[in-house]
Number of protein chains: 2
Amino acid sequence: MVFKSAGNFYQKHKQVILYGVSLAVLLFVLKWIELRFLIIDHIIEVYSGAIALVFTGLGVWLAMKLTTPKVERIIVEKEVYVTADADFTPNETERLRLGISGRELEVLQLVAEGLSNQEIASRLFVSLNTVKTHSSRIFEKLEVKSRIQAVERARRLRLIP
Amino acid sequence: MVFKSAGNFYQKHKQVILYGVSLAVLLFVLKWIELRFLIIDHIIEVYSGAIALVFTGLGVWLAMKLTTPKVERIIVEKEVYVTADADFTPNETERLRLGISGRELEVLQLVAEGLSNQEIASRLFVSLNTVKTHSSRIFEKLEVKSRIQAVERARRLRLIP
DNA sequence: TTCAAAATCATACTTTCGGGTGATTTTGCA
DNA sequence: TGCAAAATCACCCGAAAGTATGATTTTGAA
């Protein structure tokens, strides 16, 4: 975690750090050359340079510590289409009139969700044949010939949402 | 423009600037008190303090300048409720986005009416194979696996009533 | 308890759907 | 005019859907 952050920081400010290090090395070399001759005379410059470096670092640290991170907030609105049939109430009357049993309605609902007969069988823990039997009866009672027509008709009759 | 930027900068880094100014004032006052007596003896400390202040400022400025703003992307799902089919207007935008051609949409509408592929073929005066090709492409584009799911999805996307 | 309706499952068969591949023609736009 | 997209069609294959028939078990109400 710490290493990762450090690496991240390094990556982000590579140039600055390299620049700083290079500068420091350069100054060090130059100073070292002159050091034995000039250190006495230029003690103040060396001292000032050190202070400058340290306090530049302090300034950077301060800024990092104290400024709230700049955050650009981009809000992307993603449209989700929803049909507003929250107020659906199943038409029990129609169901009884057509003689559609509870289990058949269950199957019908799953058909309407786009499930295959096999998927419906698994969902209801019954065999594929059972589902086929149910759906066949549904088609008879709704007087249709395919599952799509059944769904269409059941929707019109408010049997399913 | 310049003033605006300056004001903006001040607003963003209010605390830092105030901190710096306060520190400067404090040091100035302290120094001023001792100044007349000690300035000669403590010229190096004054000099160092000035350098420290200036380079702390430089450090802060550097940090401000170089930190990359963090970008936070927030995706908000905005639910768009659509009413039932009386005021249906086909969602042309969505159709084009999905790359569904005009003929494909025609087939899709007939599928939604519960017609078999053969019936659709007769209705459109084309061969059964053509209808199959169209419907296969529709399933791909709508990312579904059956005609029922296709109708379901197309309704949600307002491609069909 | 009895009995009809509902629910379950099976087997066999036909039709339809859907995927994959490849090809040709039509059309609208640059 | 040339080209890419759209539209058309064919053939094959496997999976899924649908039909028909018959049977057994569960269940709920009379």
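All chains are named by letter (A, B, ...) in the order of the sequence lines, taking the proteins before the strands, and each is independently numbered beginning at 1.
A:V126 and A:L128 are assigned to two separate hydrophobic clusters, defined by single-linkage of ILVMFWY side chains at heavy-atom distances under 4.5 Å. In the hydrophobic clustering of this structure, A:V107 groups with A:L105; members are Ile, Leu, Val, Met, Phe, Trp, Tyr whose side-chain heavy atoms approach within less than 4.5 Å, directly or through other members.
Contacts between residues 109-122 of chain B and DNA chain D, counted as heavy-atom distances below 4.0 Å, involve no residue at all. Only A:S101, A:G102, A:R103, listed by number, bring a heavy atom of residues 95-104 of chain A to less than 4.0 angstrom from any atom of DNA chain C. The stretch residues 141-155 of chain A has no heavy atom under 4.0 angstrom from DNA chain C at all.
Summarising the geometry, atom CZ belonging to B:R137 is positioned 9.0 Å from atom NE2 belonging to B:H134; distances are rounded to the nearest 0.5 Å. Put simply, OG1 on A:T130 and CG on A:L124 are 9.5 Å apart, with the number rounded to the nearest 0.5 Å. In this structure, CG on B:L110 lies 5.0 Å from CD1 on B:I120, to the nearest 0.5 angstrom.
A salt bridge does not link A:R147 to B:E152: none of the charged nitrogens lies less than 4.0 Å from a carboxylate oxygen.
Each end of the helix from C:dT1-D:dA30 to C:dA30-D:dT1 gets its own axis from five base pairs, and the two axes differ in direction by 60°, given to 10 degrees.
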Q) Going through the distances and angles, do B:L142 and B:L157 end up as a side-chain contact (heavy atoms from CB on, under 4.5 Å)? A) CA-CA 10 Å; B:L142 290 179; B:L157 297 175; 4.1 Å; yes
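B:T130 comes within contact range of at least one nucleobase, with a heavy-atom separation under 4.0 Å.
Distances were taken from every side-chain heavy atom of B:N129 (C-beta onward) to each of D:dC9, D:dT19, D:dA7; the shortest belongs to D:dC9. Taking every side-chain heavy atom of A:K132 into account, D:dA17 is the closest of C:dG18, D:dT8, D:dA17. The side chain of B:S127 has D:dC9 as its nearest neighbour among D:dC9, C:dC9, D:dG18.
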Tabulate protein N/O versus nucleotide N/O from nucleotides 21-29 of chain D, keeping only pairs under 3.5 Å, one per line.
none

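Taking side-chain N and O atoms only, B:H134 has no distance below 4.0 Å to OP1 or OP2 of D:dA7.
The interatomic distance linking A:F139 (CZ) with C:dT16 (C1') rounds to 12 Å, in whole Å. When rounded to the nearest whole Å, the span between CG of A:L128 and C1' of C:dT8 equals 13 Å. Atom-to-atom, CG of B:L105 to C1' of D:dA7 comes out at 15 Å; the value is rounded to the nearest Å.
Counting only residues at least two apart or in different chains, salt bridge (Lys or Arg N to Asp or Glu O under 4.0 Å) contacts with residues 95-117 of chain B comprise B:E92-B:R95, B:E94-B:R97, B:R103-B:E106, B:E104-B:K141.
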